[in-house]
Protein chains: 2
Amino acid sequence: MATIKDIAKRAGVSISTVSYALNGSPKVTNETTEKILAVAKELNYIPNAAARSLKTRETKIIGIFLTDFSGAFYGDLLQGTKELLVRKGYELIVCSGKQSRWMLPERMIDGAIILDVTFDSEELIRYADRGHKLVVLDRELTHPNINQVLLDNKAGATLATEHLIEEGHRKIYAVTGPSGSFDSKQRLHAVMQVVERTAGITLAIIEGDFNKEGGEHAAKRIMAEHADGQAAAAVFCFNDEMAIGMMNYIAEHHPETRVGEHIHIVGFDNLELAAYSQPRLTTIDYSKRKWGALAAEQLVKLISGAEVENERIYVTLMKGKSVGTA
Amino acid sequence: MATIKDIAKRAGVSISTVSYALNGSPKVTNETTEKILAVAKELNYIPNAAARSLKTRETKIIGIFLTDFSGAFYGDLLQGTKELLVRKGYELIVCSGKQSRWMLPERMIDGAIILDVTFDSEELIRYADRGHKLVVLDRELTHPNINQVLLDNKAGATLATEHLIEEGHRKIYAVTGPSGSFDSKQRLHAVMQVVERTAGITLAIIEGDFNKEGGEHAAKRIMAEHADGQAAAAVFCFNDEMAIGMMNYIAEHHPETRVGEHIHIVGFDNLELAAYSQPRLTTIDYSKRKWGALAAEQLVKLISGAEVENERIYVTLMKGKSVGTA
DNA sequence: TTGTAGGCGTTATCAA
DNA sequence: TTGATAACGCCTACAA
């Protein structure tokens, strides 16, 4: 492993000259710079990240912390994050699990994006107190070193609920996420607001889990309550994954029940998968890529010491065929 | 940021004693160890990863390089990798894109698992030549510092093809992956072997891309060739993603054509998504979790200097409802 | 324009 | 059992 020392010796200059030349400093003659670069190539020189960051106190790496690697949901978000970071000269690494959290305090990463409910807010604040920069996507946290980029859950849930109401549905089921989820709480709150200000609407809340299983369980219960087959059910699943689970359950166990006709479903997220569902799921859409890119941008600003305001990701209603008129 | 120096001063001992104590060396009295630990806690001491790895020349981090973050496919694999690594005292980071490759030569990671066709084999060999340890999941590479953990493509493709033949199909379409894919090549080779040694089978090869689009294009072509509706088509899609794309295309454009009856499809991978397809896709199954775990295990062994043999992941035929008798 | 030298925070080799 | 001290590879005043 060649070091700048080796290059210096070989090129007949001092190590500081090598360092300057390698970093493109104008203090060194073009001539010597070229010579040094040539020697570096010849020696297969590769800088040592540890040594560099020991000195500079930065790694140019950003970490994003996810609850798990299951993915279906994260693809575009990660892509968006990555693209922006690369443009800003940073690298992205994806981490998951409690064990990897040391990377932040030990300065292996220059900052982190958090999308992991299992990460305690207290722990995050501790890190922020120590000067680490964070962007959170899944909670509200006020701290000078923390910025939030949250989905506009209120708008999304309102759009979804109002859509069901406009189509003439009077009894609405809301299938929530797990109890700890911030997004789920916000969505439920918005749903309840809409219901309260609209006359003649009944709301039934079913606790879900943001997974397919949750949608299946909810489907089971809803189908049981509508066993007589007279009234159509209208359901707002707080994410697409559960909506898909619900549609799959219905297709399998109640083939005579048609989504969009006997049961009406709206989701949230507009997963790629939702586009392939039969019928196409009506859902709340937003740009996951933009979400990731914005989070990254905020983090980079935070690291550079700039003041940043919290941001919001806007959502729209994406009409499919899973909701029909009552 | 407290350092061991600060702790030494505060505890009235030398920095080497602190270092030993922090690393649980038996050379230090319990008494002083306790005292040092107490001071460390009091000072909120956090070790500095850069300094440590500058000295130890290791980071205890393993990187896995993927072509993209799209995920659907990788979830379990990453989970399996992660679990094993954590058990062995390593951390896993997920990387993608050319830019992140510096992490290997600059020793930011102790080794890498490669599942990224865009990573040139020559580049990998260069790294291996420099002493870096690698495990490749998507190609064959013989080098003392590189280990392979490959799918048993031959067995899988043979199982799939023979299944179609056993069900009485005589004309078989093979929808391949992109031309650069090692897995695709191996699968195609196996398919051709089966066809050659079985009388009366015709094989049509359609180049795909391992994405849904590839499946759709292939579906279009196959449906056109079977426009008369007389002969049923039998298709082996080289991965589930294409098989799903094919099924979706058919459901959308040829609702009268029933998969498992008028067209017979077998996939490869047994994605979670395949379990939700209608009808359930017949496919080749293998444990993605085990694949990841085995790759990690091999890499850890390689790093520890042990001799390791290349490994293979065994596959089985998972019968669904997408293939029926001719 | 180039060289000297100190230091970043640890580990590890010697002595004591 | 503990303490000096020299690396590890790089950056950066400051000096020449």
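Each chain gets a letter, A, B and so on, in the order the sequences are listed, and its residues count up from 1.
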Polar pairs (N or O, both sides) under 3.5 Å between protein and nucleotides 12-16 of chain D?
{"unit_1": "D:dA13", "atom_1": "N7", "unit_2": "A:Tyr20", "atom_2": "OH", "d": "3.4"}
{"unit_1": "D:dA13", "atom_1": "N6", "unit_2": "A:Tyr20", "atom_2": "OH", "d": "3.4"}

Could you pull out all residues at least two apart from B:Glu58 that satisfy salt bridge (Lys or Arg N to Asp or Glu O under 4.0 Å)? none

Does anything in residues 37-51 of chain B come within less than 4.0 Å of DNA chain D? Heavy atoms only, and list the residues if so. none

Taking only side-chain nitrogens and oxygens of B:Ser14, does any of them come within less than 4.0 Å of OP1 or OP2 of D:dG3? yes

Rounded off to whole Å, could you give me the NZ-to-P distance for the A:Lys35 and C:dT2 pair? 11 Å

Short side-chain N/O contact from A:Arg57 to OP1 or OP2 of C:dG9, under 4.0 Å: yes

side-chain N/O B:Thr32 vs D:dT1 OP1/OP2, d < 4.0 Å: no

Distance check needed: C:dT11 P versus B:Glu58 CD, whole Å only. 11 Å

Report the residues that fulfil salt bridge (Lys or Arg N to Asp or Glu O under 4.0 Å) with B:Arg101, sequence neighbours left out, ordered by chain and then residue number. B:Asp116, B:Glu123

Rounded to whole angstroms, how far apart are CD on B:Glu106 and C1' on D:dC10? 12 Å

Contact list for residues 25-50 of chain A, test salt bridge (charged side-chain N to carboxylate O under 4.0 Å, His left out), sequence neighbours left out: A:Arg10-A:Glu42

Keeping to residues at least two apart or across chains, list the salt bridge (charged side-chain N to carboxylate O under 4.0 Å, His left out) pairs with something in residues 137-146 of chain B. none

Between the side chains of A:Thr17 and A:Ser14, is a donor N or O closer than 3.5 angstrom to an acceptor N or O? yes

Can you check the A:Met1 CE to D:dC10 C1' distance for me, whole Å? 16 Å

Show every ring pair (Phe, Tyr, Trp, His ring centres under 6.0 Å) that has at least one partner inside residues 119-148 of chain B, sequence neighbours left out. B:Phe65-B:Phe119

Axis bend over the full length of the helix from C:dT1-D:dA16 to C:dA16-D:dT1, computed from five pairs that close each end, to 10 degrees: 40°

A:Lys82: which residues meet the salt bridge (Lys or Arg N to Asp or Glu O under 4.0 Å) condition with it, sequence neighbours left out? A:Glu91

Apply the test side chain to side chain contact (heavy atoms under 4.5 Å, CB included) to residues B:Leu150 and B:Phe182: give CA-CA distance (whole Å), side-chain angles for both, the deciding distance (0.1 Å), then the verdict. CA-CA 10 Å; B:Leu150 303 179; B:Phe182 172 80; 3.7 Å; yes

Taking CD1 from B:Ile7 and P from D:dG3, how many angstroms apart are they, rounded to a whole number? 14 Å

Categorize A:Ser53 for me: base, sugar-phosphate, or nothing, with a 4.0 angstrom heavy-atom threshold over every strand shown. nothing

Who pairs with B:Glu83 by salt bridge (Lys or Arg N to Asp or Glu O under 4.0 Å), at least two apart in sequence or on another chain? B:Arg289

Just how far, in rounded Å, is C1' of C:dT10 from NZ of B:Lys5? 11 Å

Residues in ring pair (Phe, Tyr, Trp, His ring centres under 6.0 Å) contact with B:Tyr45, at least two apart in sequence or another chain: none

Flag side-chain contact, heavy atom, 4.5 Å: B:Leu104 against B:Leu134: yes

Separation of B:Leu54 atom CG from D:dC10 atom P, in whole Å? 9 Å

Measure the distance from CZ on A:Arg107 to P on C:dC8 and round it to the nearest whole Å. 14 Å

Strictly by salt bridge (charged side-chain N to carboxylate O under 4.0 Å, His left out), give each pair with a member in residues 295-311 of chain B just once, sequence neighbours left out. none

